[in-house]
Structure formats: C-alpha cells, structure tokens
Amino acid sequence: MKIVRLFEDQMLQYEEKVIQELGLDVSIDVRVSQTEAEIIQNAQDADVLITVYEPLTQHVLENLPNLKLVLYRSVGVNNIDLTFANQLKLPVSHLVHYCTDEVANYVVAAILMHNRRIHDFNQVVKVRKQWDSEHFLDMHRLFVQTVGLIGFGNIPRLVAKRMQAFGCQILAYDPFVAKDVFSKAGVQSVSLEELFTDSDYISSHLPLTPQTKGVLNQNLFASTKKAPVFINASRGGVVNEKDLVTALHNGHISYAILDVLASEDPDLEQLPFIPMENVLLTPHIAFYSQEAFLQGVRENLENLQAYLRQDYQQAGLVNAKEIDL
C-alpha cells in the first residue's frame, strides 16, 4: 500500500519507525503538492494521502483513481470536498486527540495574560516608555469572570476544567452535546446568543464547515453587554473578520487574541488587525509542541491501522455515517 504525504516536515524517519512498530505493510513518499495540478500529478499511485491544508477538491478527488483513504494530520478537515468524498464513499480520517493539551493551554494562557494585562503593560513600558501601573483601570479578579466556550468537544472541556481551578464560571454552547455532559462538567449550557451576552471571555472552538463559515458575525458581536475578550484558536473562517474589526472599533468586543485568520497565508501589509492595539496575533501556533508533532504522526498511522483492521470506530473517520463501509 502506497502512502503519499503532500507536505514537507521532519517526521519521515519517525513515520517509518512507527510504521515498523505497528507492523503496517505500507511505504511512504513525501511529494510536496500545493496546487490541484500538483496533487493530481504526484498522487496517481497513492492508496492513502496524508494532508493538512492541500486542496482536495472534487476535481482532485475524481482524478485520483487509486485513492482509498485520506488521513488528515490535523483536527480540521475543511480543505476537502467532503460532500464529493461521501459520493465516492471515500473515508476521511482526522486526529481526535492531537494537540488538545497545547490548544487548551494556549486559550488559558491568553485569558491569564489578558486578565493581568501582561502584554499590554509590556507595550506601555517598552514602546511608550511609561512606567505607569495604573494605565489599565479595567482589571478584575479572575474568579469573578465568566468564560464562554463556543463548542464543547475535547479541547474546550480541558479549558473549562483549567479555568474552573481559578474559580471562573463556565458557559458553553454546543447543540451536539448531551445536557448531562455539561452538568457533569459543572458547565452551564446556553444558547450562542446568551454566551455572547453574558461572557467576559469568549473562546471559539468551532470546526470550519459550510454551516459554520462566518457564523460569528455582527449579530452576535453587537449583542454583547460586557465588551468581552474574543479568542480564536480553532479556524479563522468561522469569523466574519470585517464584522470583528467593526466590533473591536466600536467596543462591542474589547480585545481579540487570534491564532487563526480566514487565510492561512494572510497579506500582513493589508490585514486590518495589524495596526490595532486591542488585537494580539500569533501565526497559527496554538497546536505547536515537539510532543504534538510526534503524537500526530502516531495517531495518523494508528488510524490507518484501525481502518485496515476494519475497526472503523477507532479510525478517526469524520464521515463514517455517510459512507458504506
């Protein structure tokens, strides 16, 4: 069985080690492919693709006759035409446990940093050359703050547990999670509108799908009462960025900490967030750690192993219910 990885990293030696450990009868080639034409050209013999951001469009999928499985080295699968993959009965696997600790810690760190205004005071001292301890008078004790989580999967559940240790009240919105899951976690289940109205910190954990694209928009931003801080370490496309800029200017959102943007390759010369003092940007690094990279490789190949064993429930398949396995 031939695996083709469509992106370059330093993991090939470790991948081959894990393949041997798992006893998989497969070979793996790295063929960097960023365009549709490159993928079609380079993956003709691929039984399995390993991908993250590469465009697996209908045109690509219908021109890869040997393809039997797609393995995403990520949690999100928004770069594949999943509807067409379902028509082809092509299984698509993603990482369920990958980087959950790292992303949860990023969100908690963002809340703690803002709550104590560490970055902002650093800017006051180093950029403005002011030694002014009373520059930010809107600081509050953390345990009187309410944290709203949009989505309540693995990562936001870790965020909830960590923030509860600081005494914060936790709200969460997720229509796909049973009510008893919230209650067992000590988290209040609310509507999306209530979450924006009642939260001091709002963290998005939405996947990017046709249904969630741009769903965090002016209607929600304008409904806030506490001028909350907005954090996004999920997918940039779930936010209407123009509406977020407006909300940051008019005070409906007081601050934004963004690890992801609508584009994975933004034009920083034109990006409206760049000059805004109430926006902090990081270049999609919430997932990053050496351990997470190793975990991602192993989980990818364990998903492949489960798929080959026909243990589909353990294969991380996002479309198992839509295709006939």
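Only a predicted model underlies this, so the values are computations on that prediction, with no experimental measurement involved.
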Side chains of [X] and [Y]: does their closest heavy-atom pair fall under 4.5 Å?
| X | Y | value |
| --- | --- | --- |
| Thr35 | Pro55 | no |
| Asn240 | Gln218 | no |
| Asn115 | Tyr201 | yes |
| Asp101 | Ile155 | no |
| Glu277 | Gln123 | no |
| Leu61 | Ile80 | yes |
| Val190 | Asp198 | no |
| Gln314 | Gln305 | no |

Hey, does the side chain of [X] reach the backbone of [Y] with a donor-acceptor pair shorter than 3.5 angstrom?
| X | Y | result |
| --- | --- | --- |
| Asn86 | Glu322 | no |
| Asn319 | Leu90 | yes |
| Asn303 | His94 | yes |
| Gln270 | Asp267 | no |
| Thr212 | Val238 | no |
| Glu264 | His284 | no |
| Gln145 | Leu142 | no |
| Asp243 | Asn217 | no |
| Glu54 | Val52 | yes |
| Asn42 | Glu38 | yes |

Carboxylate-amine/guanidinium contact [X] [Y], below 4.0 Å:
| X | Y | result |
| --- | --- | --- |
| Arg31 | Asp45 | yes |
| Glu302 | Arg309 | no |
| Arg5 | Glu15 | yes |
| Lys2 | Asp47 | no |
| Asp200 | Lys226 | yes |

According to a hydrophobic-cluster definition based on side-chain heavy atoms being under 4.5 Å apart (Ile, Leu, Val, Met, Phe, Trp, Tyr only), do [X] and [Y] belong together?
| X | Y | answer |
| --- | --- | --- |
| Val181 | Phe176 | no |
| Tyr255 | Leu258 | no |
| Val260 | Ile150 | no |
| Val177 | Met163 | yes |
| Ile202 | Leu206 | yes |

Between [X] and [Y], do the side chains contain an N or O donor and an N or O acceptor separated by less than 3.5 Å?
| X | Y | value |
| --- | --- | --- |
| Ser234 | Ser204 | yes |
| Asn154 | Thr100 | no |
| Glu193 | Ser223 | no |
| Lys179 | Ser189 | yes |
| Thr282 | Asp259 | yes |

So with a 6.0 Å cut-off around [atom1] of [X], is the heavy-atom count from everything else above 12?
| X | atom1 | answer |
| --- | --- | --- |
| Gln10 | CD | no |
| Asp265 | CG | no |
| Asp25 | CG | no |
| Glu16 | CD | yes |
| Gln34 | CD | no |
| Lys242 | NZ | no |
| Lys213 | NZ | no |

Kindly compute the distance separating [atom1] ([X]) from [atom2] ([Y]), expressed to the nearest 0.5 Å.
| X | Y | atom1 | atom2 | result |
| --- | --- | --- | --- | --- |
| Leu317 | Gln313 | CG | CD | 10.0 Å |
| Gln188 | Ser183 | CD | OG | 11.5 Å |
| Met276 | Leu244 | CE | CG | 7.5 Å |
| Leu82 | Thr209 | CG | OG1 | 10.0 Å |
| Leu49 | Leu64 | CG | CG | 6.0 Å |
| Asn300 | Arg73 | CG | CZ | 4.5 Å |

Quiz item: Hey, does the Lys NZ or Arg CZ of Arg162 hover above the aromatic six-ring of Phe166, less than 6.0 Å from the centre and inside 45° of the axis?
Solution: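 Here Arg162 fails the 6.0 Å and 45° test against Phe166.
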
Quiz item: Given the rule in the ring pair (Phe, Tyr, Trp, His ring centres under 6.0 Å) test, do Phe293 and Tyr288 qualify, once you have shown the distances and angles that lead to the verdict?
Solution: CA-CA 8 Å; Phe293 281 125; Tyr288 195 103; 4.9 Å; yes

Practice problem: For ring pair (Phe, Tyr, Trp, His ring centres under 6.0 Å), just list the numbers for Tyr53 and Phe7, CA-CA rounded to whole Å, side-chain angles, deciding distance to a tenth of an Å, and then say yes or no. | Solution: CA-CA 9 Å; Tyr53 300 122; Phe7 57 91; 8.5 Å; no

Self-check item: Whether Tyr98 and Phe287 hold their rings parallel, tilted or perpendicular, with breakpoints at 30° and 60°
Solution: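 Tilted.
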
Practice problem: Determine whether the aromatic ring centres of Phe152 and His205 lie less than 6.0 Å apart. | Solution: no

Practice problem: Go through Glu194 and Ser191 one step at a time and tell me if the side-chain hydrogen bond (donor to acceptor under 3.5 Å, both in side chains) criterion holds. | Solution: CA-CA 5 Å; Glu194 289 174 307; Ser191 69; 3.2 Å; yes

Self-check item: Partner of Leu67 under side chain to side chain contact (heavy atoms under 4.5 Å, CB included), chosen from Val70, Asn63, Leu69
Solution: Val70

Practice problem: Looking only at non-hydrogen atoms, find the nearest pair between Pro156 and Leu149 and report the distance. | Solution: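 Minimum heavy-atom separation between Pro156 and Leu149: O-CD1, 3.3 Å.
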
